[in-house]
Amino acid sequence: GASSATLLRDYSLGTLLLSEAEWLEVSCEPLDKTVCLGHLQDLFLALEGRAHGSFTDMVLAQYREALPAEQADALKRFVSGFDVSAALSLLRDLLANHLVNDSCPASAELREYLDMLSEEGLSK
């Protein structure tokens, strides 16, 4: 079976059943010889950023204020023992879909934004 160490090339040819010609059309040497399935998220984000710019480039300036040092330190301590994948997904949605316009007050607390996302999810 496939693992995070499986080369993207091997997975594409063996599991997705791309032909060698199809693979060569979309590939390059680094992709062919070094990129593994465990690299897909970074690869996707790099390609997306190159093609469209980073989604964070669209976030309005009023939502880009730096986190104060003591809050950043507290966050680092908290995150060290926490699975952040669900939070990252919510934050990505918030940044990409909500903070690109001024419909949310910049002075609101993060909890208010997350509550807003939860309510939208429940109403769908």
Side-chain angles (χ1 to χ4, degrees):
S3 74
S4 63
T6 301
L7 285 172
L8 179 59
R9 177 190 199 287
D10 294 344
Y11 185 79
S12 298
L13 296 174
T15 303
L16 299 178
L17 302 178
L18 288 179
S19 70
E20 187 73 31
E22 290 170 316
W23 174 252
L24 290 173
E25 188 177 313
V26 298
S27 183
C28 60
E29 188 172 341
L31 195 62
D32 192 57
K33 297 185 190 274
T34 61
V35 174
C36 297
L37 296 181
H39 302 134
L40 287 181
Q41 180 179 355
D42 284 342
L43 176 63
F44 173 80
L45 292 173
L47 292 174
E48 181 184 49
R50 182 165 232 168
H52 307 289
S54 171
F55 71 91
T56 59
D57 293 343
M58 301 301 291
V59 174
L60 298 179
Q62 66 206 44
Y63 304 115
R64 294 176 181 239
E65 194 173 305
L67 195 60
E70 77 177 37
Q71 288 180 358
D73 290 342
L75 184 61
K76 285 178 190 174
R77 286 190 302 275
F78 174 75
V79 169
S80 67
F82 183 69
D83 177 13
V84 297
S85 57
L88 287 175
S89 177
L90 280 173
L91 289 172
R92 186 181 202 290
D93 179 52
L94 179 65
L95 288 166
N97 298 314
H98 299 278
L99 301 184
V100 294
N101 58 51
D102 60 0
S103 63
C104 302
S107 61
E109 293 182 6
L110 178 59
R111 178 69 188 182
E112 294 175 69
Y113 293 124
L114 296 178
D115 286 345
M116 175 190 68
L117 291 175
S118 296
E119 288 171 13
E120 284 183 6
L122 292 174
S123 66
K124 288 182 182 179

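Residue indices begin at 1 and follow the sequence shown. All values derive from a computational prediction rather than experimental measurement.
- S107 OG to Q62 CD: the interatomic distance, rounded to the nearest 0.5 Å, is 10.0 Å.
- Cluster membership for L7 and L16, using ILVMFWY side-chain heavy atoms within less than 4.5 angstrom, is not shared.
- Heavy atoms of other residues, nucleotides or ligands lying less than 6.0 angstrom from CD of E20 number more than 12.
- Note that the CG atom of L37 and the CG atom of L43 stand 11.0 Å from one another [nearest 0.5 Å].
- One finds the OG atom of S27 at 4.5 Å from the CG atom of D32 (value rounded to the nearest 0.5 Å).
- L40 CG to S4 OG: the interatomic distance, rounded to the nearest 0.5 Å, is 10.0 Å.
- Taking NE2 of H98 as the start and CG of L91 as the end, the distance is 11.5 Å to the nearest 0.5 Å.
- Within 6.0 Å of atom CZ in R50, 12 or fewer heavy atoms from other residues, nucleotides or ligands are found, so the atom counts as exposed in its surroundings.
- Hydrophobic cluster membership is shared by L67 and F78, with clusters built from Ile, Leu, Val, Met, Phe, Trp and Tyr side chains linked at under 4.5 angstrom.
- Criterion: ILVMFWY side-chain heavy atoms under 4.5 Å apart, direct or through other members. Under it, F44 and Y11 are not part of a common hydrophobic cluster.
- W23 and L17 sit in two unconnected hydrophobic clusters of ILVMFWY residues. Membership requires side-chain heavy atoms under 4.5 Å apart, directly or through other members.
- Looking only at side-chain heavy atoms (C-beta outward), E109 and E112 come within less than 4.5 Å of each other.
- Side-chain atoms of L31 and V26, non-hydrogen and from C-beta on, never get closer than 4.5 Å to each other.
- The hydrophobic clustering, which links ILVMFWY residues whose side-chain heavy atoms are closer than 4.5 Å, places L60 and M58 apart.
- Taking 4.5 Å as the limit, every side-chain heavy atom of L8 sits out of range of all side-chain heavy atoms of H39.
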